[in-house]
Each structure stands twice: as structure tokens, then as C-alpha cells.
Amino acid sequence: MLSVLSYGRLVARAVLGGLSQTDGRDYSLITASYGFGKDFRKGILKKGMCYGDDACFIARHRTADVLGVADGVGGWRDYGVDPSQFSATLMRTCERLVKEGRFTPSHPVGILTSGYYELLQNKVPLLGSSTACIVVLDRRSHRLHTCNLGDSGFLVVRGGEVVHRSDEQQHYFNTPFQLSIAPLELREWCSVTALKQLTTPLLMSNSATSS
């Protein structure tokens with residue numbers, strides 16, 4: 001289980017409609033992270049912010065403060081794959097992109113997309129999957145932008161009440177949307193299966209949105 005807590009004086013107002021463009025004050029998130037693996041006996045903090053099969057990052061750029069969470073899929077362990085490698089590498093890649101300024105604060109989907117494509121190009125085969133959530137506080141516009149894939153998510157709490165909540169995305173119970181890299185032979189099988197199903201109705205979903 002992994003949680004990332006973030007709060008700032010006017011973050012809730014930023015979500016609900018943004019602050020005045022003429023406000024010259026500098027806004028930033030005050031952040032903290034806490035997590036633990038399902039097996040407490042093995043709940044050792046790995047390199048970076050990785051807890052069990054899950055990972056997160058907190059990055060600051062002159063244009064924005066960015067938080068990210070990835071919930072690794074533990075089922076990969078049954079196939080001899082360390083589930084934490086995918087989620088941790090995805091979050092480290094997204095963190096690097098932010099620190100290098102290779103993102104647009106109002107488009108957090110771009111951070112997640114770019115990070116995932118870098119994983120696909122990795123010279124060392126990387127298998128696994130995870131859900132993901134990215135939250136960006138644009139320090140210039142004073143607005144909060146988010147993207148969420150699967151059943152990771154975020155809450156905005158004001159005065160002890162939840163004023164905004166992200167939506168979960170699931171194919172069906174306990175099967176959330178995920179970013180995934182499968183073995184080559186499985187990818188080929190999926191491609192053939194998809195071609196055979198082209199004559200059937202397709203479920204179209206917006207799997208990563210920003211607001």
C-alpha cells in the first residue's frame with residue numbers, strides 16, 4: 001500500500017477553478033510520502049521511493065511541483081518477474097523528465113506517456129505492469145492538473161471534507177486499467193487475438209485524462 005499526501009494553502013481552490021492570474025505569490029506543494037509492502041517482514045525500502053511492489057516520486061521544477069504514484073501488479077511474481085521493477089522504473093523515468101523540464105504542466109498525461117515509451121525502448125527487457133497517477137501543480141497558473149490510470153487516485157480535502165476525487169477505471173472488479181509490458185510471445189498472441197476480434201464491438205475508454 002502506498003499513499004502520497006500533499007497539501008498547500010490554496011490547492012483546493014486551484015482544483016475548483018484556479019487562482020487569479022495576477023496573483024504574484026509563489027505557490028508550491030508541501031509533500032510527504034509513506035508506504036509499506038504487504039509483507040511487513042520484507043517491507044524494506046528499496047532504492048528510491050519504492051515500497052513493496054509500488055513506487056512514487058516527488059519532483060520540483062521552476063514551473064511546477066509534480067507527484068506520481070504507480071501501483072505495481074504483484075501477480076507478475078508468479079511468473080518469476082519482480083513487480084517492483086516496472087513501477088519503480090516508470091516513476092524514476094517520469095521524475096527525470098520533470099527535473100529536465102521535458103513536460104507541459106497543463107498536460108500530465110504527457111509525462112506518463114513519455115515515461116512509458118522510454119520503458120518500451122529500454123535495451124534491457126523490462127516486464128510488468130502498474131496503474132499510475134500524476135498530479136501537477138502549475139506554479140504559474142496556480143492550477144492543479146491530473147491524470148489517472150486504473151485504480152490509483154487522489155483526493156483533495158478541504159476543511160476535513162473531500163471536495164474532489166479521481167475516478168477509478170476498471171475493466172471489471174479487481175481488474176483496473178494498467179500500463180504493461182508483456183513478453184514478446186504474449187504480445188504477438190495479443191496482436192493476433194485483437195485482429196480476430198475486429199468484427200466485435202470494442203469498448204472505448206479515455207484511460208488517462210487531465211483536469
Side-chain angles (χ1 to χ4, degrees), residues 1-6 29 31-39 42-61 64-79 81-100 102-103 105 107-122 124-137 144-155 165-171 174-182 205-211:
M1 179 181 293
L2 173 65
S3 64
V4 174
L5 306 178
S6 63
L29 294 178
T31 60
S33 69
Y34 173 76
F36 53 87
K38 292 183 176 67
D39 189 342
K42 299 179 181 179
I44 301 174
L45 179 63
K46 300 181 181 179
K47 182 179 180 181
M49 291 186 178
C50 186
Y51 309 88
D53 301 336
D54 310 331
C56 70
F57 77 91
I58 302 171
R60 183 181 177 90
H61 186 263
D65 291 348
V66 185
L67 311 174
V69 173
D71 185 352
V73 179
W76 281 98
R77 192 174 288 106
D78 296 338
Y79 302 93
V81 176
D82 181 355
S84 69
Q85 291 297 313
F86 184 91
S87 58
T89 305
L90 177 63
M91 291 293 95
R92 284 197 300 266
T93 303
C94 290
E95 179 181 15
R96 176 175 52 78
L97 292 171
V98 171
K99 291 183 175 180
E100 293 175 353
R102 296 166 55 190
F103 73 105
H107 189 61
V109 174
I111 301 174
L112 194 56
T113 301
S114 297
Y116 175 64
Y117 279 135
E118 284 205 16
L119 265 59
L120 291 175
Q121 302 301 320
N122 201 328
V124 179
L126 179 66
L127 304 178
S129 55
S130 77
T131 62
C133 181
I134 302 287
V135 177
V136 181
L137 173 61
L144 195 69
H145 304 276
T146 68
C147 73
N148 186 54
L149 178 69
D151 58 1
S152 289
F154 65 92
L155 300 174
R165 180 193 302 267
S166 58
D167 295 325
E168 293 186 358
Q169 301 164 328
Q170 299 189 59
H171 296 288
N174 204 32
T175 308
F177 287 15
Q178 304 165 9
L179 292 174
S180 179
I181 299 180
S205 298
N206 185 10
S207 59
T209 60
S210 63
S211 62

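At least one donor-acceptor pair under 3.5 Å links the side chain of Asp54 to the backbone N or O of Gly72. Without hydrogens or angle criteria, Ser152 side chain to Ala70 main chain gives no donor-acceptor distance under 3.5 Å. Here the side chain of Asp151 pairs no donor or acceptor atom with the backbone of Asn174 at under 3.5 angstrom.
Atoms OG and CZ, on Ser114 and Arg96 in that order, are 10.0 Å from each other to the nearest 0.5 Å. Here the CZ-OG distance, from Arg92 to Ser87, works out to 9.0 Å after rounding to the nearest 0.5 Å. Note: Asp71 CG to Leu149 CG = 11.0 Å, rounded to the nearest 0.5 Å. Expressed to the nearest 0.5 Å, how far OG of Ser180 lies from CH2 of Trp76 amounts to 5.0 Å. Atoms CD1 and NE2, from Ile134 and His145 in turn, are 14.0 Å apart once rounded to the nearest 0.5 Å. Of the inter-residue distances, the one linking Ile58 atom CD1 with Met91 atom CE reads 12.0 Å to the nearest 0.5 angstrom.
Thr113 meets the side-chain contact (heavy atoms from CB on, under 4.5 Å) test with Val109, Tyr117; sequence neighbours excluded. Glu100 is linked by a side-chain hydrogen bond (donor to acceptor under 3.5 Å, both in side chains) to Arg102, counting only residues two or more places apart in sequence or in another chain. Residues satisfying the salt bridge (Lys or Arg N to Asp or Glu O under 4.0 Å) test with Arg165, not counting sequence neighbours, are none.
Thr93 is not listed as a side-chain neighbour of Phe57, based on a closest heavy-atom distance of 4.5 Å or more. Residues Phe177 and Gln170 form no side-chain contact, since every pair of their non-hydrogen atoms from C-beta on lies 4.5 Å or further apart. Using a 4.5 Å heavy-atom cutoff, the side chains of Thr131 and Cys133 are not in contact. Side chains of Ser166 and Thr146 form no contact here, defined as non-hydrogen atoms less than 4.5 Å apart. The closest side-chain heavy-atom distance from Phe86 to Leu179 is below 4.5 Å. In this structure the side chain of Val66 never reaches within 4.5 angstrom of the side chain of His61, judged on heavy atoms. The shortest distance between side-chain heavy atoms of Leu97 and Phe103 does not fall below 4.5 Å. Leu144 places a side-chain heavy atom less than 4.5 Å from the side chain of Leu137.
Among all heavy-atom pairs drawn from Cys94 and Leu112, the shortest one is SG-CA, 4.3 Å. Minimum interatomic distance between Pro108 and Pro105 (heavy atoms only, all atoms of both residues): CD-O, 3.9 Å.
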Test side chain to side chain contact (heavy atoms under 4.5 Å, CB included) on Ile181 and Asn122 and set out the steps. CA-CA 11 Å; Ile181 299 180; Asn122 201 328; over 6 Å; no
